[in-house]
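Structure first, commentary second.
Note that the coordinates shown come from a computational prediction; the quantities given were computed from them, not determined experimentally.
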Amino acid sequence: MKLKKGDTIENLKLPSVDGTTFSLETIKGKKAMISFYRYSSCPFCHLRINEIINKNDDFGENFVPIAIFDCDFDDLVKNSKKHDGKITILCDDDRVYFDKYEVQNSFLRFLLGVTIRVDRFFRALLKGYNPASNMSGAFLGLPADILIDENGVVEKALYGAHTANHIPMKEVIEFSNS
């Protein structure tokens with residue numbers, strides 16, 4: 001089922017690149033943005049994570065950004081080394097939650113994202129995010145951003161129309177501070 005406002009996310013439990021197992025129970029009482037990303041070395045994905053980390057001081061104290069990738073765990077660990085731990089990065093290599101919440105793959109929408117957001121692609125390359133390094137996972141995947149409140153209730157769900165489509169950072173910051 002695609003998530004929508006008013007839905008509840010329950011029992012999300014996945015391995016983290018920091019070696020622990022993450023559970024939504026650990027952030028109970030906090031707001032969060034759960035973002036479903038593409039493959040392990042996706043430049044769009046890692047650029048977005050970099051932008052989230054750079055805005056960390058703008059987020060409310062009671063906010064947790066969470067990134068979930070559909071890929072091989074070891075590849076994700078290698079590709080996440082540039083990030084500094086200010087975001088929780090999880091691996092759903094069996095697509096349990098990607099399938100449960102209907103996060104999609106699409107060749108045409110992949111092409112759309114690469115075409116209309118070529119600027120982001122080159123920005124990611126300049127930051128050193130190599131799309132072909134340790135590549136595993138959903139190359140044709142589309143992102144999804146889910147904002148949840150302190151009780152785990154969905155406040156907003158955006159299923160990407162293309163590979164670089166996310167909730168605008170300004171809106172995420174406003175949500176985190178509300």
Side-chain angles (χ1 to χ4, degrees), residues 2-10 12 14 16-18 20 22-39 41-70 76 79-92 97-98 101-104 109 112-114 116-129 141-178:
K2 277 193 173 183
L3 292 164
K4 60 187 179 318
K5 185 174 178 149
D7 288 343
T8 303
I9 298 178
E10 299 174 7
L12 190 141
L14 289 168
S16 173
V17 296
D18 69 5
T20 63
F22 174 85
S23 170
L24 273 183
E25 289 296 314
T26 62
I27 64 162
K28 197 170 192 169
K30 296 184 179 188
K31 293 179 180 181
M33 177 173 65
I34 300 172
S35 296
F36 291 89
Y37 290 105
R38 301 173 59 224
Y39 65 98
S41 60
C42 169
F44 289 119
C45 306
H46 289 286
L47 180 62
R48 173 71 172 190
I49 288 172
N50 178 265
E51 291 167 348
I52 290 168
I53 290 169
N54 288 338
K55 294 292 186 182
N56 188 59
D57 291 341
D58 296 336
F59 295 133
E61 289 182 29
N62 201 32
F63 179 74
V64 180
I66 301 164
I68 304 174
F69 282 82
D70 166 18
L76 182 58
N79 285 298
S80 298
K81 288 186 181 200
K82 290 186 179 190
H83 307 304
D84 65 3
K86 292 183 180 177
I87 183 170
T88 301
I89 302 176
L90 309 176
C91 184
D92 185 8
Y97 298 101
F98 277 81
Y101 299 123
E102 298 182 27
V103 180
Q104 299 175 342
R109 294 185 343 181
L112 175 65
V114 171
I116 67 172
R117 294 311 316 254
V118 71
D119 62 314
R120 289 190 62 77
F121 179 77
F122 284 114
R123 192 174 320 143
L125 290 178
L126 289 172
K127 287 197 168 281
Y129 300 122
L142 299 171
D145 289 339
I146 315 298
L147 298 177
I148 61 171
D149 69 13
E150 298 90 336
N151 300 309
V153 177
V154 174
E155 288 294 316
K156 180 172 186 166
L158 174 75
Y159 285 80
H162 55 76
T163 52
N165 185 211
H166 291 278
I167 295 174
M169 194 62 65
K170 180 180 178 185
E171 192 174 333
V172 175
I173 292 167
E174 288 171 1
F175 169 77
S176 76
N177 286 295
S178 64

Which atom of [X] lies closest to which atom of [Y], heavy atoms considered:
X	Y	result
F22	T88	CD1-CG2, 3.9 Å
A67	I87	CB-CD1, 4.1 Å
A32	F175	O-CE2, 3.8 Å

Looking at residues at least two apart in the chain, or sitting in another chain, which of them share a side-chain hydrogen bond (donor to acceptor under 3.5 Å, both in side chains) with [X]?
X	answer
K4	D7
E171	K156
Q104	R109
S16	D18

### Chi angles and distances behind the side-chain contact (heavy atoms from CB on, under 4.5 Å) call for Y101, I9
CA-CA 9 Å; Y101 299 123; I9 298 178; 3.6 Å; yes
How many angstroms lie between atom [atom1] of [X] and atom [atom2] of [Y], to the nearest 0.5 angstrom?
X	Y	atom1	atom2	value
C42	I49	SG	CD1	9.0 Å
R38	T163	CZ	OG1	5.0 Å
S23	K28	OG	NZ	10.0 Å
I167	S35	CD1	OG	7.5 Å
I146	I66	CD1	CD1	11.5 Å

Under the side-chain contact (heavy atoms from CB on, under 4.5 Å) rule, collect the residues that match up with [X], sequence neighbours excluded.
X	result
N177	I173
R120	F44, L47, R48, E51, R117, R123, A164
D92	L14, I68, V96, Y97, F98
V153	T8, D149, N151

### Task
Using a cut-off of 6.0 Å, state whether more than 12 heavy atoms not belonging to K2 lie near its atom NZ.
yes
### Query
Do you know which of L24, L90, D145 makes side chain to side chain contact (heavy atoms under 4.5 Å, CB included) with I34?
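Among L24, L90, D145, the one that satisfies the side chain to side chain contact (heavy atoms under 4.5 Å, CB included) with I34 is L24.
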#### Entry: With sequence neighbours excluded, residues passing ring-ring contact (aromatic ring centres under 6.0 Å, His included) with Y39
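F139.
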### Message
Once ring-ring contact (aromatic ring centres under 6.0 Å, His included) is applied, do any residues pair with H162, and if so which ones, sequence neighbours excluded?
### Response
none
### Query
Taking only residues two or more places apart in sequence, or in another chain, which ones meet K82 in a salt bridge (Lys or Arg N to Asp or Glu O under 4.0 Å)?
none
### Task
Let me see the working for I52 and M33 under side-chain contact (heavy atoms from CB on, under 4.5 Å), right down to the final yes or no.
CA-CA 10 Å; I52 290 168; M33 177 173 65; 3.6 Å; yes
### Message
Just so I know, are the side chains of K30 and E150 near enough to count as touching, which here means a heavy-atom distance under 4.5 Å?
### Response
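When only atoms from C-beta onward are counted, E150 and K30 do not touch, as no gap falls below 4.5 Å.
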List, one per line, each side-chain donor-acceptor pair under 3.5 Å for residues 54-65, sequence neighbours excluded.
residue : atom : partner : partner atom : Å
N54     : ND2  : N50     : O            : 3.3
N54     : ND2  : N50     : OD1          : 3.1
N62     : ND2  : G29     : O            : 3.1

### Task
Ignoring hydrogens and angles, tell me if any N or O in the side chain of Y159 forms a donor-acceptor pair with the backbone of L3 under 3.5 Å.
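Between the backbone of L3 and the side chain of Y159 there is a qualifying donor-acceptor contact (under 3.5 Å).
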### Query
Does the pair V17 and F69 meet the rule for a side-chain contact (heavy atoms from CB on, under 4.5 Å), with working shown?
CA-CA 11 Å; V17 296; F69 282 82; over 6 Å; no
